[in-house]
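When reading the values below, keep in mind they use all heavy atoms of this one structure, side chains included, and skip hydrogens, waters and symmetry mates. Chain naming here is simple, since letters A, B, ... match the order of the sequence lines and numbering starts at 1 in each.
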Amino acid sequence: MDNAVPHFRDPHKTEFETAQLLRNATQQAELRNYKDFLIVDVDSHHYETEHLGEILKYVDDPTIRQLASGKMSVGRSGLMPGQLGFQDMGGRITRYTKRKTERTPPTPHRDVSLAKYWMDAIGVDIACLFPTAMLHLGMHPDVSMEVQLARGYNRWMTERVLADQPRLCSMLYLPLNAPDDAVKIIEEFGDKKGVTGFMVTSTRYRPIFDNANMKVFRALEERGLPLSFHAGYNWNDQSLAQLNRFISVHALGFTFFNMIHMTNWIINGLPERFPKLKVLWIESGLAWIPFMMQRLDNEYMMRTSEAPLLKRKPSDYMRDMFYSSQPMEMVNNRAMLEETFKMINAETQLVYSSDYPHWDMDLPSTIYDLPFLSEQAKRNILGENARKLFNLEPVFSETKLAARLKG
Amino acid sequence: MAEILVCREGEMEEGDVRIVASGHREAGVFFQDGAYYAYRNLCPHQGGPACEGMIVPKVLAVIAEDQTAHGHTYDESQMHFVCPWHGYEYDMKTGVCAGDSSLRLQSCAISQRDGQVYVTL
Ligand code: FES
């Protein structure tokens, strides 16, 4: 025994690899037989600012390309609104800083390789990719900048990232502050490969009931393309600016803006005006939904005259909408969670999302391990509901196909 | 259960951590204040590798006699390690979760003999 050599790994000196970081998730996938069914992740992210140099080449306005050409980092360049924040908790979430060192092959695009690393590790077959820093672009005081960057990003996404990648899709950035341009973007990109709909970043201040937006909603409804609202925060918002900790602004901010848009959407009768438009609410978790259903129903019964377009209670419209699952509040609240799933018709309306690689990501096991769901309900939430919502061709990961062959 | 060799005595330095495995089971072994501590490398939250993250002291709020708040500081006598997946923090000497004391990592027995350190996993 004296001569035995210890076999160990020093995690602080090991080269960063996503597959290594997520190996316990891979084990979860094997134990739960994810190979037997499709898993679609409706909200995951890439760091588009790491490729700003590439994206800028797709921006039409040469003066913006020139303005941004000196500095490639969005946060410092002043190209996009930045946000205070400590998403990585001072290095506690190791993938934030270490991912930059992860090796990828020359092709396909680095973001495709990085996405597939984590998708394969956690058992996801198809992922809907969203940007990160651009989630704050709706607050740019120069609306033309939102339009220019949105179009440049959308072109880059469809040409460089989504093309030839059947396992990746995206709801492209919709610059809703400029409704005419938003319609043009729907017309230009709506039928591109991998485009499953359009996404509005929720941190913005032009009310969605503005008549100018109706042509946008009509354009989406006519094409059968879903509209999503991706949550975010704005620490400079007058109410949220009272909060002194990031935990506070994140906990409230990521529901705050979606609550405002949801209220405007329902009370102004938009579900009646666009009955075929499918609406998806992303990254606000689930706890806000029963809260909103109860608040709006209670007030609606007393103040029906203020929402004359409604033919049903607000919660009835909310039950027709779709919700992404993450970050699912699940600390000692099993009974409440079960009730929430019932209230939102989770079996058909809830769609799994990981939010990977962000700090509050959820694995598929957060859904699969819920004891109150049937096997079919789990599979619906993890994949089938999204497949139907996005009209996706089911494509399974090579990892799962290989595992099936092994039996 | 298997007994796994971790190191020779004196080989691990203050603040070092080693991950050792027996099949799919892993343990994180820490050396802190002259003693070894070992836990299953499996976070009760979503199953992350809890022992592989940053090591930081517990954070304390600085509250004066008159209950006014004066920011935060570290308690260097109480070291935490942080699960790298989402940030759950664990007390290095007890494996108890900082956010909920009813939650703890499974501890693994350490034995030392003939100048070698072993963990039972
Ligand atoms: S799995 Fe450890 S913090 Fe989430």
**Q** Quick check on D16(B) against chain A: is it the side chain, the backbone, both or neither that has a heavy atom closer than 4.5 Å?
**A**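 Looking at D16(B), nothing touches chain A.
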**Q** Applying a heavy-atom distance below 4.5 Å, give me the residues of residues 365-372 of chain A that approach chain B, sorted by number.
**A**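 Within residues 365-372 of chain A, the residues under 4.5 Å from chain B are T366(A).
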**Q** In terms of heavy-atom proximity below 4.5 Å to chain A, should C83(B) be classed as side chain, backbone, both, or neither?
**A**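 Backbone only.
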**Q** State, with a plain yes or no, whether a side-chain heavy atom of N24(A) is found less than 4.5 Å away from one of W85(B).
**A**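 Contact flag for N24(A)/W85(B) side chains = yes.
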**Q** Does any heavy atom of chain A fall under 4.5 Å from the side chain of H72(B), the backbone, both, or neither of them?
**A** side chain
**Q** Who among Q27(A), H358(A), M89(A) has the most heavy-atom pairs with chain B under 4.5 Å?
**A**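 Answer, by heavy-atom pair count under 4.5 Å with chain B: Q27(A).
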**Q** With a 4.5 angstrom heavy-atom cut-off, could you sort out which part of V17(B) is near chain A: side chain, backbone, both or neither?
**A** both
**Q** Please tell me if the side chains of V20(B) and P6(A) come closer than 4.5 Å, counting only heavy atoms from C-beta onward.
**A**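 Result no, sub-4.5 Å side-chain heavy-atom pair not found.
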**Q** How many angstroms lie between atom CD of E26(B) and atom CZ of F8(A), to the nearest 0.5 angstrom?
**A**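 Answer for the CD-CZ pair, E26(B) versus F8(A), is 14.0 Å.
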**Q** Regarding H7(A) and R18(B), is there a side-chain donor-to-acceptor distance under 3.5 Å anywhere?
**A** no
**Q** Determine, step by step, whether V82(B) and T94(A) satisfy the side chain to side chain contact (heavy atoms under 4.5 Å, CB included) criterion, reporting the C-alpha distance in whole Å, the side-chain angles of both residues, the deciding distance to 0.1 Å, and the verdict.
**A** CA-CA 10 Å; V82(B) 185; T94(A) 52; over 6 Å; no
**Q** Main chain of L363(A), side chain of Q46(B): is a donor-acceptor contact present, judged purely on distance under 3.5 Å?
**A**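 It does hold such a pair.
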**Q** Rounded to the nearest 0.5 Å, what separation is found between the NE2 atom of H86(B) and the CG atom of D362(A)?
**A** 6.0 Å
**Q** Do you know which of T14(A), N244(A), L22(A) has the most heavy-atom pairs under 4.5 Å to chain B?
**A**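 Of T14(A), N244(A), L22(A), L22(A) has the most heavy-atom pairs under 4.5 Å with chain B.
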**Q** Measure the spacing between CD1 of I19(B) and CG of D10(A) and express it to the nearest 0.5 Å.
**A**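 Reported to 0.5 Å precision, the distance equals 8.5 Å.
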**Q** Tell me, for V29(B) versus chain A, whether the close heavy atoms (under 4.5 Å) come from the side chain, the backbone, both or neither.
**A** neither
**Q** Using heavy-atom distances under 4.5 Å, tell me whether H24(B) contacts chain A through its side chain, its backbone, both, or neither.
**A** both
**Q** Are I55(B) and H12(A) close enough that some pair of their side-chain heavy atoms sits under 4.5 Å apart?
**A** yes
**Q** Under 4.5 Å heavy-atom distance to chain B, tell me which part of R9(A) shows up: side chain, backbone, both or neither.
**A**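 Both the backbone and the side chain of R9(A) come within 4.5 Å of chain B.
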**Q** Within a reach of under 6.0 Å around CD of E13(B), are more than 12 heavy atoms found that belong to other residues, nucleotides or ligands?
**A**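 Count not over threshold, so no.
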**Q** Pick from R92(A), R23(A), K98(A): which one makes a salt bridge (charged side-chain N to carboxylate O under 4.0 Å, His left out) with E52(B)?
**A** R23(A)
**Q** So does I247(A) have more than 12 non-hydrogen atoms from other groups sitting under 6.0 Å from CD1?
**A** no
